[in-house]
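Throughout, residue positions are numbered sequentially from 1 according to the sequence presented.
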Amino acid sequence: MAATLSPSQASLISHAMSVGALKFGSFTLKSGRQSPYFFNSSLLSSGSTLSVLATALADTLANVGDFDILFGPAYKGIPLGAITVVKLFDKYGRDVGMAYDRKEVKDHGEGGMLVGVPMAGKKVVIVDDVMTSGKAIRGAIDAVRSAGGEVVGVVQCLDREEVGREEGTSTVREVEEIVGRGKVRAILRMRDLMGWLESEGKTLELDGMKEYTLTAKVRS
Ligand code: OMP
């Protein structure tokens, strides 16, 4: 399992490790799944680390076909959307809008749940940190569709390559059933992390990851 990471992937892993945004150990996930690692994108919160993340996200989106708006669901998706549209413009000359939602309805001022470019009739890509069971991303897809937008893709920081709710499938595959085959992308996949662990000689952590993939069946 050789780690052939692109410069932006390698840079993201090393920055994430240095600020504790990527940790190995034992973690209980939102879905209740027990994981040997955790990616906490909110710890990537300095100028240098966000710049690395923005470049990696923009590189991942650079070849995605036409879209009008990048939607970052509250809360962690909001900065991801903002930094990525800036980088897409600066590095690739692509000028896309950004939008995000609130967790609570605002009953004064402009009001409502949605902020940013109106999504009605627009092609929208959703950006988020990770998906495990896919519950959070399904909520984001519903939010875009309720606003009249068409979800044409999803980009995540890390594809945990989790098993799906149905036997023999993956969360990504299940989400692709909703948004289209090949439409869910990620900067990094779990196998990239495993390749990196191997190249770094971190055998204990690698064994934990292997065990996790081997014992993966249908998870709730
Ligand atoms: P699902 O809704 O089960 O797909 O979980 C996705 C959410 O879990 C993410 O949006 C995060 O809030 C959180 N999460 C992480 O931030 N990092 C991880 O490595 C794993 C999770 C998680 O709890 O599954």
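The minimum heavy-atom distance between Leu158 and Ala186, with the atom names listed, is C-CB, 4.4 Å. Considering every non-hydrogen atom in both Arg33 and Gly164, the closest pair reads NH2-O, 4.4 Å. Across Ala143 and Asp101, no two heavy atoms sit closer than the pair CB-OD2, 4.2 Å. Across Ile178 and Arg145, no two heavy atoms sit closer than the pair O-NH2, 3.2 Å. The minimum heavy-atom distance linking Ala147 with Leu114 is given by the pair CB-CD1, 3.5 Å. The minimum heavy-atom distance linking Ser31 with Thr132 is given by the pair OG-CG2, 3.7 Å.
Distance check, rounded to the nearest 0.5 Å: CG of Leu193 to CZ of Phe24 gives 5.5 Å. In this structure, CG in Asp128 is found 5.0 Å from CD1 in Ile137, a value given to the nearest 0.5 Å. The structure places OG1 of Thr60 at 10.5 Å from CD of Gln156, a figure rounded to the nearest 0.5 Å. With rounding to the nearest 0.5 Å, the separation of OG in Ser170 from CZ in Arg160 is 13.5 Å. Taken from CG in Leu206 to NZ in Lys210, the straight-line distance is 4.0 Å, to the nearest 0.5 Å. Note that OG of Ser8 is 10.0 Å distant from CG of Leu53, once rounded to the nearest 0.5 Å.
Annotation: side chain to side chain contact (heavy atoms under 4.5 Å, CB included) contacts of Ser41 (sequence neighbours excluded): Phe39, Lys76, Asp129. Pro36 meets the side chain to side chain contact (heavy atoms under 4.5 Å, CB included) test with Met209, Tyr212; sequence neighbours excluded. By the salt bridge (charged side-chain N to carboxylate O under 4.0 Å, His left out) test, Asp59 is found to be paired with Lys91, residues two or more places apart in sequence or in another chain being considered. Evaluation of the salt bridge (charged side-chain N to carboxylate O under 4.0 Å, His left out) rule for Glu174 yields Arg138 as partners, not counting sequence neighbours. For Arg189, the salt bridge (charged side-chain N to carboxylate O under 4.0 Å, His left out) criterion is met by no residue, not counting sequence neighbours.
A heavy-atom distance below 4.5 Å is found between the side chains of Val115 and Arg102.
For the pair Ser18 (side chain) and His15 (backbone), a donor-acceptor distance under 3.5 Å is present. Looking only at distances, no side-chain donor or acceptor of Glu150 sits under 3.5 Å from a matching main-chain atom of Lys123. At least one donor-acceptor pair under 3.5 Å links the side chain of Glu176 to the backbone N or O of Val184. No donor-acceptor pair closer than 3.5 Å links the side chain of Gln9 to the backbone N or O of Ala56.
The number of heavy atoms from other shown groups lying within 6.0 Å of CZ (Arg94) is above 12.
Screening residues 74-95 for ring pair (Phe, Tyr, Trp, His ring centres under 6.0 Å) gives no qualifying pairs among residues at least two apart or on separate chains.
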Would Gln34 and Ser26 satisfy side chain to side chain contact (heavy atoms under 4.5 Å, CB included), going step by step from the backbone distance to the final call?
-> CA-CA 7 Å; Gln34 205 62 37; Ser26 182; 3.4 Å; yes

